[in-house]
Amino acid sequence: MIDLKTHLEHRVAAALGDLDPAQRDALSLMPPKNREHGDIALGCFQLAKLRKAAPPQVAAELAAAFEPDDLIESAEAAGPFVNFRYRRAALAQSIVESVLRDAAPFGRAAATDTSIVIDFSSPNIAKPFHMGHLRSTVIGAALCRIHRHLGATVHGVNHLGDWGMPFAKMMTAYMKWGERDKLDANPMRYMFDLYVRYGKAAKEDPSLDEEAAQHFKALESGEENAEREMWRFLRDESLKAFQGPYDRLGVTFDHVTGESFYEDKMQPVLERYEKAGVLVESDGADVVDLKEFGIKVPCILRKSDGTTLYHTRDLAAVFYREQEFDPTRILYVVGAEQKLHFQQLVAVLEKIGDPIAKRVEHVPFGLILALNEETGKWEKFASRGGNAIFLDEVLDEAVAGVRKIIAEKNPDLADADRVAEKVGVGAIVFNDLKNGRVKDVKFDWSAMLAFEGETGPYVQYAGARLASILRKSDAPEDPDALLEGVDWKLLEDAAPVLLTMQEFGPAVVRAAKESEPSVITNLMLRIAGEIHSYLREHHVLRAEPELRNARLALVAAAKRVLATGLGLIGVAAVDEM
RNA sequence: GCGCCCGUAGCUCAGCUGGAUAGAGCGUCGGCCUCCGGAGCCGAAGGUCAGAGGUUCGAAUCCUCUCGGGCGUGCCA
């Protein structure tokens, strides 16, 4: 298997003569802005600086010194750039073979010694699973798959919110008003109703919150009491209800260790901080001062009533994960509005000089906004107001929309319901992972139910077209048989598709590094676009035998790349739709 | 008040950590199925990259300020 880019890097380095490490680092080959310039380009700016020469001059010298070979056709200087062009046959062979033989980066990389903990989804299970939970869930699940693809050992953790005040409030509500049969009928909906009811009642009668606090204290006492029993009951019911959305999204966890898991691991944390002499009393609470880190608000580890908080549990979780998983990174896929919380968490860890502090990374994401029809402004969802949108409703709508289109366009499709589920759910997931993580997402039914243009179905459709061609051909499934005797020169006109496919590896690496799945989502759109264009102009099945064989190999490879990429972001590929 | 995030085409967004002529989708307008799937393809119109300074060979990208929008700001998570 030939890696063209690596080969080119070596050739460039050789052409430049002796290179010190700094100059070697300055060799960043990247796709040119405009494909007409070349297949890949080198901007000579940094290199010129290091060599104390003008960029155009360095570019001209490099281009002149560069000899074409079996893989590289040409090197041309264009101002400060050198534009390289791969030999078409080499390009096609390199990409298609790598893909079909499942070589990295298209296939999973060999195991590395990196261990990554990803804390994601982590819903507060005393609340309904609504659109707001979708983001953490799909981003986190995508990051798990991406890192695994790159050979890391991944520990995907669902850090359930099954402890603390929100849970105590739900407990209080259920103890007061709970009806078993209503809960059984529709757990998600009923808990939501209780949640809203509690919110309204607490607004009028603040003593309700005090009652909840007392229940929490009783729960945290560790005794086997009514609170403990209720906690267990509600936790089990919630988990059951949550499994539905997780199954539909195809999301799994390696560990489901909620906040309650750390119940017996918080005391040691408090003792550790006490021993370090950084835990001080303030207004009856035990806090860690963080002014030296530029954080004005101290971090409270124990409330004045003696109970613990989010921070206390998160610290216990960090220490636990450090010990159990020896992670190189711990990612927290949590909303951007909790940025301060994680800054505090890191600072509190640094306060006692624990090196794990540098491995803790908050992976923030934007809010989901709803359009306020009256003001015309985009606003944060007010779930306490009772207008939350349940994830299941959205998925159902999308699936129904897809089902309708299938009925119109492909009425004979076998298994239409199953396909509609994949495409509908895929559309929602894809839509969520399409844009940069940190930006707020405007919840818009028309965007959710769009299946044309930059959408999941657009990419799935490209895959289905490829699958359809393969189905109608007699192409062997076995890669060796498929690749045998292919004349790669015949794929000259597929360069745009191939060059885009070539970006797959860097895209996955970047997505992992920046915790940004949208890098992959956007590449999938580009690859799908190239395929749609290519198929319009180049017929496969009717082509002459030699050409047909070459194109079938390309089709199989393109289909595989789409399926892999979609798989990484959690969208299913379909052969028919 | 202070801190952080965002501001790119009518709308929704890309723009690979400073590089070549700022790109897509939706919408609008105009083309394309006797041909492997039209959930598609090709084209047109549409820009003071919020504004003003600065840094340098070069800025949508980095720095400062201003204006908009959002989030956060000890006993919730």
Side-chain angles (χ1 to χ4, degrees), chain A residues 28 30-34 37 41 43 45 48 54-55 78-81 83 122 124 127 161 163-169 209 213 259 282-287 294-305 307 309-311 313-314 334-341 343-344 364 366-367 369 377-380 402 405-406 408-410 423 434-436 438-440 442 444 446-447 450-455 457-458 460-462 464-473 503 506-507 510 514 518-519 522-523 525-526 528-529 532-533 535-543 551 555 576-577:
Chain A
S28 65
M30 52 180 208
K33 195 169 224 170
N34 189 333
H37 291 133
F45 306 98
F81 294 92
N83 294 313
S122 306
N124 204 310
K127 296 180 187 176
W163 205 249
M165 280 305 286
F167 210 87
K169 288 178 184 177
D209 282 344
E259 294 188 69
S282 168
D283 294 335
D286 291 331
V287 310
I295 299 172
K296 286 173 188 164
V297 288
C299 180
I300 300 175
L301 293 187
R302 181 157 47 196
K303 296 196 281 188
S304 49
D305 70 357
T307 58
L309 291 101
Y310 185 20
H311 273 121
R313 292 185 279 281
D314 259 353
V334 178
E337 69 272 21
Q338 289 189 42
K339 187 158 192 168
L340 178 60
H341 168 79
Q343 285 173 342
Q344 287 178 297
L367 270 47
L369 306 176
K377 284 184 179 175
W378 291 95
E379 296 173 347
K380 186 178 179 177
V402 169
I405 295 175
I406 290 176
E408 283 167 24
K409 307 196 182 226
N410 199 356
V423 176
K434 187 170 63 176
N435 300 138
V438 81
K439 296 212 175 186
D440 290 344
K442 290 156 184 159
D444 174 8
S446 68
F451 310 118
E452 295 174 9
E454 295 175 331
T455 65
Y458 174 85
Q460 288 169 318
Y461 183 58
R465 289 181 71 181
L466 297 171
S468 172
I469 293 170
L470 290 173
R471 205 162 43 236
K472 287 171 183 162
S473 77
E503 292 182 45
R510 205 182 130 211
E514 298 175 9
S518 68
V519 173
N522 285 306
L523 180 63
L525 283 170
R526 287 179 49 220
H532 281 305
S533 298
L535 293 182
R536 174 81 184 187
E537 300 296 326
H538 307 89
H539 280 256
V540 177
L541 299 179
R542 292 192 317 163
R551 286 182 177 170
V555 164
E576 290 180 87
M577 60 189 276

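Chain A is the first sequence line, chain B the second, and so forth, proteins listed ahead of strands; every chain is numbered from 1.
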Would you mind classifying the nucleic acid contact of [X] as base, sugar-phosphate or nothing, using non-hydrogen atoms under 4.0 angstrom?
| X | value |
| --- | --- |
| A/R313 | sugar-phosphate |
| A/E576 | base |
| A/Y458 | sugar-phosphate |
| A/P32 | base |
| A/G164 | sugar-phosphate |
| A/P166 | sugar-phosphate |
| A/V297 | sugar-phosphate |
| A/A41 | base |
| A/G436 | sugar-phosphate |
| A/K442 | sugar-phosphate |
| A/A285 | base |
| A/L309 | sugar-phosphate |
| A/D444 | nothing |
| A/S304 | base |

What I want to check is whether an N or O donor and acceptor connect the side chain of [X] with the base of [N] at under 3.5 Å.
| X | N | result |
| --- | --- | --- |
| A/H539 | B/C35 | yes |
| A/N83 | B/A20 | yes |
| A/S282 | B/G74 | yes |
| A/R536 | B/C42 | no |

Minimum-distance nucleotide to [X] side chain [options: [options]]:
| X | options | answer |
| --- | --- | --- |
| A/P298 | B/A39, B/G74, B/C76 | B/G74 |
| A/K339 | B/C5, B/G38, B/A77 | B/C5 |
| A/L367 | B/G70, B/U12, B/G40 | B/G70 |
| A/E337 | B/C71, B/G70, B/C36 | B/C71 |
| A/F45 | B/G19, B/A20, B/C42 | B/G19 |
| A/H532 | B/G72, B/C41, B/G37 | B/C41 |
| A/N124 | B/A77, B/C41, B/G37 | B/A77 |
| A/V438 | B/A39, B/C5, B/C41 | B/C5 |
| A/K409 | B/A14, B/G38, B/C36 | B/G38 |
| A/P457 | B/C36, B/G72, B/A39 | B/A39 |

Atom [atom1], compared across [N] and [M]: separation rounded to whole Å:
| N | M | atom1 | answer |
| --- | --- | --- | --- |
| B/G47 | B/A9 | P | 10 Å |
| B/A50 | B/U61 | P | 8 Å |
| B/G70 | B/G15 | P | 24 Å |
| B/U55 | B/C2 | P | 27 Å |
| B/G72 | B/G53 | P | 35 Å |
| B/G37 | B/C32 | C1' | 16 Å |

Test item: A/D283 side-chain N/O and A/A285 main-chain N/O as donor-acceptor pair under 3.5 Å: no
Backbone N/O of A/L367 and side chain of A/D440: donor-acceptor pair under 3.5 Å: yes
Closest-nucleotide ordering on RNA chain B, the 5'-leading residue of A/C299 and A/H311: A/C299
A/V423 vs A/Q343, nearer the 5' end of RNA chain B by closest nucleotide: A/Q343
Non-neighbouring partners of A/Y310 that pass ring pair (Phe, Tyr, Trp, His ring centres under 6.0 Å), sequence neighbours left out: A/H341
Complementary nucleotide of B/C67, counting Watson-Crick and G-U pairs under 3.5 Å: B/G7
NE2 on A/H538 to CZ on A/R551, rounded to 0.5 Å: 5.5 Å
Any side-chain donor near an acceptor of the partner, A/H532 and A/R465, under 3.5 Å: yes
